[in-house]
Structure formats: C-alpha cells, structure tokens
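What you see is a predicted model, and the numbers here were worked out from it, not measured in a lab. Each chain gets a letter, A, B and so on, in the order the sequences are listed, and its residues count up from 1.
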2 protein chains.
Amino acid sequence: MSDITELLLDAAADLLAARGFHGLRMIEVASRAGVSRQTVYNEFGNKEGLVQAVAVHKTEEYLSGVMTRLQDDPDPWEAMRSAFRFTFEQTEKDRLVSAVLTGQNAEDLLPFITIRGHPILFHATEVVEQHLSRHFPGRHVRFTAETTVRLALSHLIMPSGDLDGAMDAVVKVARATMDT
Amino acid sequence: MSDITELLLDAAADLLAARGFHGLRMIEVASRAGVSRQTVYNEFGNKEGLVQAVAVHKTEEYLSGVMTRLQDDPDPWEAMRSAFRFTFEQTEKDRLVSAVLTGQNAEDLLPFITIRGHPILFHATEVVEQHLSRHFPGRHVRFTAETTVRLALSHLIMPSGDLDGAMDAVVKVARATMDT
DNA sequence: GTCTTTACAAAAGCAATAAACGTGTAAAGG
DNA sequence: CCTTTACACGTTTATTGCTTTTGTAAAGAC
C-alpha cells in the first residue's frame, strides 16, 4: 500500500467519524492528505470506493489486533479475555470500528458495512477458530468459536454495564462448550 | 381492557407496521377502529402514548406465547426449543415484534422500544430463568438464562440461515452452561 | 509517470416561500 | 362516553431558483 493511500485512508476515517458519510467531502479528504481531489478519484474511483476501503482497512486493523492478543498469551482463555477486552476498548474508542463490527449506529457512517451479507465481525469467528485449534488440536472447535463471537457481539450491542462480567461470561461459555 | 382499546391497538399495530411511526395518522387509526379521532386522544393521550401502548401490548402478547410454550412441554429442552421456534416465527411474521425484540429495523417503527434502556426482549431472560428454576430447583440458572437469550437474540439479528441449527446451538449451550 | 490544475456536465443539496396537512386541545351536543 | 366542530400551532410538502459536490476529462508541471 502506497504512502499516499494510507494518508488518504486515515484522513477519510477521521472525517467519516466526524461528519458521517453524508457530510464527507472528497476535497476535504484530499486537502487533509495534502493531495489534489483527483488523486483521491484515481486511487479509489469514487466516494463509495473510498468508504468501502476505509471499512476494509479498519477491519484488517482490528482483526490484526485481535490476532496479536490471541497469540501473545500462552493461556488460551486469558488470550481470549485479552482479545475481547481489546474489542471492547476499540468499539468504545472508535465509532467506525463499532460500526464495522456491530452494524449499529452506522446510519450515516458506513452504508457498506457488510461483506457477503454478514457484518464483518463474523470474520472474527475464523480467527477464534484458528486460535482454539492451535491450543486444542484435533478437537471440534468451530461451534465454540461461533458461540463466543456471537456472545461477545451481544455484549457489545447490549452491554450489561460490567465489562469484567461480560468477559467472564464469554470465557465461561467458551470453556463449557469445549467440553461437549 | 375495553373493547375499543383493543380495536385501536390492533389498528395502530397494523398501520405502524405498514407505514412506520412517521407515516402513522391518528385519524386513520380512529377510522379503522370505527371511532373518532378524539377517542384515540382520550384513550392514549397522544401519538407517543399510542405507540408505547402498542409496544407494551405486543411485548405482553409475545411473552405470554413464550410462557405457554415453555410450560406445555414436560421436557425442559424441548420446551425451550419450542419457545425459540415460536420466537423466530413471530419475528419473521411480524415486523413490529421483530422491532420490539431486537431493536433492529426500528428506525421508523417504534421510537420507544426500550424499557429502562434495554430492548424488551431482556424481559425474556426472567421468563427463561423461571422456566429453568422450575425444572432444576436450587440450581443457579440465571447465567444460563441470560446466555441463551443473548444467543437466541444473536441468531435473530444475524441468522445463519439454518433455523434448526440455530435452535440446536441455543439448546446445546443451555445444557453445557447448566453443568458449570 | 504520477500528481496537479483547470474545466465542465450532471446530480444532489440548500434556502425561501406558500399551501396543505396533522397534532393536540377545547367546548358543545347526542 | 363518544362525536362533532373549531382552532392554534408546528410540521410536511411542493415549488422555485441558487449553490455545492460529484465524477470525468484533458492539458500541463515536477
């Protein structure tokens, strides 16, 4: 990815979070990145392409953060806890991440938040599945992966107020469903 | 509840599903129920009151259906399956029920779908909790109840396409978390 | 070659106006 | 208890022109 491309994506992400899709101006994205309006069009085709690219970029950023945390802790459940803590923090910090993951509050932020019909968070299921496979080789882990992702998503959309409790709940269910 | 009140609630529910909150006309509700516009105001105060009443009514209707199904089957897990099947069917059939339960697609349907900040579906947690307590007296069932409701809701919001699979998943998790 | 400048048509948004409609309240009557 | 009638108020809707923005293209600069 070129240098300018990254500058444009960052600028677009900022402006998108601040003004929404509707209020996003191509010329403003360009000037923030220090390039001309046409460069933006050369790079992304049109406004939809730009916003789609922002969504993809944010998703990759988030998923790479999750993978890092899953790999950093030797204990599989602590790693999971860490990854979910990261997820909660990200959604609290970044409206765009929140929109990409949950599809909530996406009214004027991302008209194109889904890939193949599902919110992009469902890509996370595969990441969790690989994580579990690494620690429990040969076991059937897909069900546990999907369940934990769905549960974590549920806590994102409808917080119980207690973050630690939510994480405990997710891990507890993960462990319980591994024994089935 | 008076006869006219019920007629009004039904008329309002129909029109609300068809035209949304914004497009709902008080005079249309009145004429469908065969009464004057003022009768609607006498009964519900204003438009918000009417729509709020519709939401409460739909919720009670739904929850009573759930309770019936939970009580009708002697096997606790089959009863749960039946209740969730009922839930899925209802949300597919009725946009309003769907809005009340999930809060999705509620943009112009129900501005007041939450009670104390939570979508009304979370009342279902208590119903499920009572159901489990009946079959497993003395056991700690709250966690399982909340988890199954969250999971069912997740399948409502993001269907996997396979209804039987979704029900199996919910019940499987319910059983697994009961053994913790 | 890549980016910028300039130019331009088509679409979409904005501001101001007036007309029509819907809400909510009140009072009199059946 | 419900209906009819009336009314003030706020909110849509439609219309009109005006401005902005999008998206494309071609010529020039580093």
Using a 4.0 Å heavy-atom cut-off, does Gly23(B) contact any base of the nucleic acid, only the sugar-phosphate backbone, or nothing at all? nothing
Rounded to whole Å, how long is the line connecting atom CZ of Phe21(A) with atom C1' of dT21(D)? 12 Å
May I have the step-by-step check of ring pair (Phe, Tyr, Trp, His ring centres under 6.0 Å) for Phe136(B) and Trp77(B), ending in yes or no? CA-CA 12 Å; Phe136(B) 306 97; Trp77(B) 310 118; 5.7 Å; yes
Length of the line joining Ile4(B):CD1 and dC1(D):P, which is rounded to integer Å: 11 Å
Readout for nucleotides 23-30 of chain C: B = base within 4.0 Å of protein heavy atom, S = sugar-phosphate only, - = neither; 5' to 3' it is BBBB----
Salt bridge present between Asp168(A) and Arg81(A) (N-O < 4.0 angstrom): yes
In whole angstrom, what separates Arg19(A)'s CZ from dG13(C)'s C1'? 16 Å
Between Ser154(A) (side chain) and Arg150(A) (backbone), is there a donor-acceptor pair under 3.5 Å? no
For the pair made of CG in Asp3(B) and C1' in dC2(D), what is the distance, rounded to whole Å? 15 Å
Between protein and nucleic acid, restricted to nucleotides 11-14 of chain D and to nitrogen or oxygen atoms under 3.5 Å apart, what atom pairs and distances do you find?
none

Which distance, rounded to the nearest 0.5 Å, do you find between the OG1 of Thr5(B) and the CG of Asp10(B)? 11.0 Å
Would you say Asp75(A) has more than 12 foreign heavy atoms packed within less than 6.0 Å of its CG? yes
Phosphate-side-chain proximity, Thr39(B) and dC1(D), N/O vs OP1/OP2 below 4.0 Å: no
Over 60° means perpendicular and under 30° means parallel, so classify the ring planes of Phe84(A) and Phe88(A), tilted if in between. tilted
Could you verify whether a donor N or O on one side chain and an acceptor N or O on the other, from Thr125(B) and Glu146(B), lie under 3.5 Å apart? no
Value rounded to 0.5 Å, distance of OG1 in Thr144(B) from CZ in Arg139(B): 8.5 Å
